[in-house]
Colleague: 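This is the structure I want to talk about, given as structure tokens.
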Amino acid sequence: MTRTVYVNGQYLPENEATISIFDRGFLFADGVYEVTSVLGGKLIDFDGHAVRLERSLNELDMGHPITKEDLLEVHRELVRVNEIEDGLVYLQVTRGAADRDFAYPGSDTPQTIVLFTQAKPGLADSPAAKTGIKVISIEDQRWGRRDIKTVQLLYPSMGKMAAKAAGCDDAWMVEDGAVTEGTSNNAYIVKGNTIITRQLSNDILHGITRAAVLRFAKEAQMKVEERPFTIEEAQGADEAFVTSASTFVMPVVEIDGASVGTGEPGSVAKRLREIYLEESLKTAV
Ligand code: PMP
């Protein structure tokens with residue numbers, strides 16, 4: 001089936017959708033994005049993603065080319081016409097097309113807005129959630145505003161390739177000796193009944209799944225400590241896991257070749273995954 005995508009107000013077959021070669025998203029990575037998961041045909045944590053999009057746009061002095069209500073409508077329409085039961089909706093907004101110049105074009109430049117779906121049957125039952133994933137550590141060489149969800153994803157892509165080359169699934173990035181986050185997820189360790197994850201700052205993306213998972217963890221009487229941790233501390237922890245909109249809560253069983261805990265997905269990660277899936281389905285739209 002040819003996907004229907006959304007480009008600047010139009011629903012089009014994917015092979016007819018085009019944007020300008022002068023688009024600043026293409027030339028300068030001058031764009032922001034969001035990824036919202038779909039389970040059972042419904043959007044998970046839509047509100048959180050819409051709010052973070054607004055924040056990313058504000059931080060970069062970009063306009064808001066679409067209202068939250070219309071954005072929800074476009075998401076839903078794409079899920080409907082593409083018959084997405086489980087999958088993702090990708091959204092990207094750029095500063096638009098203008099003759100190449102480092103300075104931003106005038107604010108009257110029409111922005112580019114693109115959305116498309118990706119079908120992922122069985123997204124919530126991925127085999128990796130049962131086995132856990134293996135990560136390597138790499139230096140965090142990204143820019144200093146990781147709290148803005150920009151499309152500058154080359155370094156995370158390089159990290160993912162380094163992980164694959166090492167026979168692993170992902171990379172945790174390390175700065176000044178402490179873990180920042182995974183290439184496309186937030187990182188956690190568990191010691192006893194305490195969940196430890198780096199505090200929010202410009203150093204990491206403020207994960208929408210992170211916010212929900214920490215809320216559910218506190219509600220379930222688990223202790224949450226928001227502070228940096230090292231790779232050595234993680235290797236010696238009882239459990240480790242990552243969170244993101246596309247993987248929910250994913251256990252990590254190996255870090256730089258060392259098994260974490262028993263080397264199997266831990267009970268806290270498993271429980272948080274169950275709670276997250278159950279609770280976020282209740283508010284899915
Ligand atoms: N950190 C980074 C660097 C990411 O790319 C992502 C996924 N977009 C996350 C964390 C997790 O954020 P979310 O839970 O909002 O998907």
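Atoms within a ligand are numbered from 1 in the order they appear, just like the ligands themselves. All heavy atoms count here, side chains included; hydrogens, waters and symmetry mates do not.
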Colleague: Is there a donor-acceptor contact under 3.5 Å linking the side chains of H64 and N58?
Modeller: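 Side chains of H64 and N58: pair found under 3.5 Å.
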Colleague: Can the positive tip of R273 be found less than 6.0 Å from the middle of the six-membered ring of Y276, inside 45° of the ring normal?
Modeller: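 Relative to the ring axis of Y276, which defines the angle, R273 lies outside at least one limit.
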Colleague: Tabulating one pair per line, provide the atom names and distances (0.1 Å) for every N/O atom of ligand 1 that is less than 3.5 Å from a protein N/O atom.
Modeller:
unit_1	atom_1	unit_2	atom_2	d
ligand 1	1 (N)	E181	OE1	2.6
ligand 1	8 (N)	K149	NZ	2.3
ligand 1	14 (O)	I208	N	3.4
ligand 1	14 (O)	T209	N	3.0
ligand 1	14 (O)	T209	OG1	2.6
ligand 1	15 (O)	R52	NH1	2.8
ligand 1	15 (O)	R52	NH2	2.9
ligand 1	15 (O)	I208	N	2.8
ligand 1	16 (O)	A245	N	2.8

Colleague: Who else is in the cluster with Y104 when I, L, V, M, F, W and Y are joined by side-chain contacts under 4.5 Å?
Modeller: none
Colleague: Enumerate the residue pairs fulfilling salt bridge (charged side-chain N to carboxylate O under 4.0 Å, His left out) with a member in residues 31-40, sequence neighbours excluded, ordered by first and then second residue.
Modeller: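 Matches after skipping sequence neighbours: E34-R52.
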Colleague: Got a sec, which pairs hit side chain to side chain donor-acceptor pair (under 3.5 Å) with one end in residues 116-127, sequence neighbours left out?
Modeller: N82-T117
Colleague: Over 60° means perpendicular and under 30° means parallel, so tell me whether Y90 and F116 are parallel, tilted or perpendicular.
Modeller: parallel
